[in-house]
Amino acid sequence: MTQLDRVALFFSIILIVLTILVYRRRSQTPDSFIRGSGNVPWWMAGSTAFMTQFSAWTFTGAAQKAYEDGFAVLVIFWGNALGFLLAALYFAPRFRRLRVSTYSDILELRYGKTTQLVYVISQIFLTLMTASIGLYGVSLFLSAVFGFPVVSIAVLIGSLIIAITLVGGVWIVSANNFIQMMQLAILTLVIGGFCLTLMWNGSLSFPESNRDFWIGSSHNSLLIMGIWSLAMLVKQCISINNATSSYRFLTTADDSEARKAAGLASVLFVIGPVTWFLPPWLLGSAGIDLAARYPALGNDAANVAYVHFIIHYLPSGVLGLVISAMLAVTIAPITTAFNRDAGVMMRLVMPLLEQSSGMATRLVSLGRMFGVVQGVIVVLFVIVLSRIELVSLFDIMIMFGVLLQMPLALPALMVLFRTGAPDWAGWGSVLVGITVTLGSYLWLDMPTLQRLPWIAGFPESQLVDIKLAISLVIQIVTVVGFLFLARYLYAPRRPFSRARRLAEFFANLKHPVIARRESLEPRHMFSLPSRLLCVAALLSVALASFSSTLAGLSVFVCLALGQLMMAWVMR
């Protein structure tokens, strides 16, 4: 890593700090802390939806899949695009119509207190688990780049996350997500343009007629890709459009803003991945043997496909920006999740506090401290991860993620539909989902799959994709079926107050939220991001002045022009 790369990384961290300072006073009340008083612009909400849907894995694990399997990796991200398109058409405005502050309010209204508590505890556990894995993964990568201990890097990044959480609130999180999204989008477009120049001058070529790149080399590849693609599309749509993910749209002003936020995320996930994966595609097409170049990484050598391309084909300084992008996509989902969980805790504690003039301040302080505690736990857990045998622990963590994520997502997706499910079916369907997923995980092993007549003879590497699809189908059929059948098993009469609230829940779904345009303060909302983008452009110009090559000068000038163009649009 060159000195210019370090300067670029330092400049990127400065931009994050400036964003925190600019928005630090916009979360002084519980409602502004939790959902920005319902006044977060659609482009900020859409940026948050976009930034929280992927992580540093995009530049490592996903790049490996692009390098090894070609086109198939796009299905994951186009599944996000389809999910957000469905959100724009249906789910996002209806979640907003419920007129609540947090996802836990939605679950309490639909399934009652017990289900609400089950989800809150499970989501906090998942937040800590996924944040720890994400932070540990990026710390491992940066440790290899900088040569510093994993723990030191984890503590530094964790401290930045805790600082954002301590100042806290949805405004800081959303503003930082927007600025980092713009930085990421402009950077990947410039890198994609650089790839096109390499293809134009013949340095690298795109696999236009390579069957392996498009569908794989096996005679079953087309079928396998179709099954896997459909499974991934369905999985991503469920992940995006369930109530636990609705916090992305609860911050918007009305139905229209919620639709625009989801629409923005959908468009970004259609266009963005094509530019992200050009580098590993070109390396794979060129036949560059990463395993031979990085023997210490073993089977994971292809994880460095993206970074290898940046180091060997792009000018000095770009690696620093790519690392800053990896930091951004690690920090964004963690801080957003911490803010979401802090908001939930504030809502749960609010009825327990005595009404007073200082209650709002105490609640905001409570939310910030809860986020800080989560951050400290995550850093401590990363320290533990760095000191124990990793393989078995990662298997356990991934298994628990699979066990909890889909069983929680499906009942939360079905809240908007009249299934007739009694309150107990909310937490009951989660238990059914966990049981089914555990059964699929243990029962659907490779020997069992190979005994099935319609897939006998498939290679073991392809059976993994079939297992995913079968497990997903079983999960959907059993959980959704249980929600529709639960009322025939046991359906106690709801108290009058509970029945009235549930009736209001479904009635609100039919009544759009329409905000007054003058309440959105558009000029003020746009001016702050515009100024921050101007600062980013100045930093890019500084990097251009430091660059010693024409290629470096060209890249940083293009970045500055892109940032200035977006600043002009946002003015």
Side-chain angles (χ1 to χ4, degrees), residues 26-27 31-53 79-110 169-171 173-175 177-178 181 236-270 332-333 336-337 339-340 343-344 347 409 412-417 504-522 525-526 529 570:
R26 299 191 61 85
S27 299
D31 193 46
S32 63
F33 183 96
I34 296 171
R35 64 183 197 97
S37 301
N39 207 19
V40 174
W42 62 269
W43 35 273
M44 274 193 184
S47 301
T48 295
F50 176 74
M51 291 294 288
T52 55
Q53 200 57 37
N80 290 337
L82 178 60
F84 281 116
L85 177 61
L86 293 176
L89 295 175
Y90 184 84
F91 291 95
R94 281 164 179 80
F95 281 128
R96 182 62 187 88
R97 290 175 190 177
L98 293 175
R99 298 161 172 85
V100 296
S101 298
T102 69
Y103 78 86
S104 73
D105 295 331
I106 297 174
L107 293 164
E108 192 272 333
L109 286 171
R110 178 60 188 88
V170 74
W171 278 110
V173 170
S174 299
N177 287 343
F178 173 75
M181 182 273 289
Q236 295 304 97
C237 288
I238 294 172
S239 173
I240 288 168
N241 292 304
N242 68 84
T244 60
S245 300
S246 65
Y247 63 91
R248 299 156 170 164
F249 312 115
L250 301 181
T251 61
T252 56
D254 57 18
D255 285 25
S256 174
E257 295 272 302
R259 290 184 192 276
K260 290 177 183 177
L264 173 62
S266 180
V267 171
L268 290 171
F269 271 117
V270 170
T336 304
N339 190 80
R340 176 199 65 198
V344 168
R347 291 285 298 168
L413 173 76
M414 298 300 294
V415 295
L416 299 182
F417 304 101
E504 291 175 355
F505 175 93
F506 286 108
N508 282 339
L509 292 176
K510 300 177 182 179
H511 295 97
V513 178
I514 303 174
R516 295 180 301 168
R517 296 295 100 185
E518 60 270 18
S519 68
L520 297 181
E521 302 177 312
M525 297 297 181
F526 280 75
M570 299 292 298

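These numbers come from a predicted model, not from an experiment.
Across all non-hydrogen atoms, the minimal contact from Asp31 to Ser101 is OD1-OG, 4.1 Å. Between Phe506 and Leu416 the shortest heavy-atom distance is CE2-O, 4.2 Å. Residue Val415 comes nearest to Phe505 through the heavy atom pair O-CE2, 3.4 Å, listed as atom of the first residue, atom of the second, then distance. For Thr251 against Ala45, the heavy-atom pair with the smallest separation is OG1-CB, 4.0 Å. Between Glu257 and Asp254, the closest heavy-atom pair is N-OD1, 2.9 Å. Of all heavy-atom pairs spanning Ala87 and Pro93, the tightest one is O-CD, 3.4 Å.
Here the CZ atom belonging to Arg340 is positioned 9.0 Å from the CZ atom belonging to Arg248, to the nearest 0.5 angstrom. Atom CG in Asp255 sits 12.0 Å away from atom NE2 in His511 (nearest 0.5 Å). Atom OG of Ser246 and atom CG of Leu107 lie 8.0 Å apart (nearest 0.5 Å). Interatomic distance, CD1 of Ile238 versus OG of Ser245, reported as 11.5 Å (0.5 Å rounding). Rounded to the nearest 0.5 Å, atoms OG (Ser47) and CG (Leu268) are 7.0 Å apart. Annotation: the span from Asn339 atom CG to Thr102 atom OG1 amounts to 11.5 Å, rounded to 0.5 Å.
The side-chain heavy atoms of Pro512 and Arg97, taken from C-beta on, include a pair separated by under 4.5 Å. Put simply, the side chain of Ser256 reaches to within 4.5 Å of the side chain of Lys260, judged on heavy atoms. In this structure, the side chains of Arg259 and Trp42 stay at 4.5 Å or more apart for every pair of heavy atoms. Side-chain contact between Phe178 and Pro41: absent, with no pair of heavy atoms (C-beta onward) separated by less than 4.5 Å. No side-chain heavy atom of Arg99 sits under 4.5 Å from any side-chain heavy atom of Glu504. In this structure the side chain of Asn242 never reaches within 4.5 angstrom of the side chain of Phe91, judged on heavy atoms. Between Val170 and Tyr247, every side-chain heavy-atom pair lies at or beyond the 4.5 Å cut-off.
Applying the side-chain hydrogen bond (donor to acceptor under 3.5 Å, both in side chains) definition to pairs two or more places apart or across chains, those involving residues 79-89 are Asn80-Gln236.
Looking at residues two or more places apart in sequence or on another chain, you find no side-chain hydrogen bond (donor to acceptor under 3.5 Å, both in side chains) involving Thr252. For Thr336, the side-chain hydrogen bond (donor to acceptor under 3.5 Å, both in side chains) partners at least two apart in sequence or on another chain are Asn177. Residues satisfying the side-chain hydrogen bond (donor to acceptor under 3.5 Å, both in side chains) criterion with Arg96, sequence neighbours excluded, are absent altogether. Listed by chain and residue number, nothing satisfies the salt bridge (charged side-chain N to carboxylate O under 4.0 Å, His left out) test with Arg110 (two or more places apart in sequence, or in another chain). Residues passing the side chain to side chain contact (heavy atoms under 4.5 Å, CB included) test with Val100, sequence neighbours excluded: Leu98, Asp105, Ile106, Leu109, Leu250.
In this structure, Phe269 and Phe50 have tilted ring planes: the angle between them lies in the 30° to 60° band. By the 30° and 60° cut-offs, the orientation of the rings of Phe249 relative to Phe84 is perpendicular.
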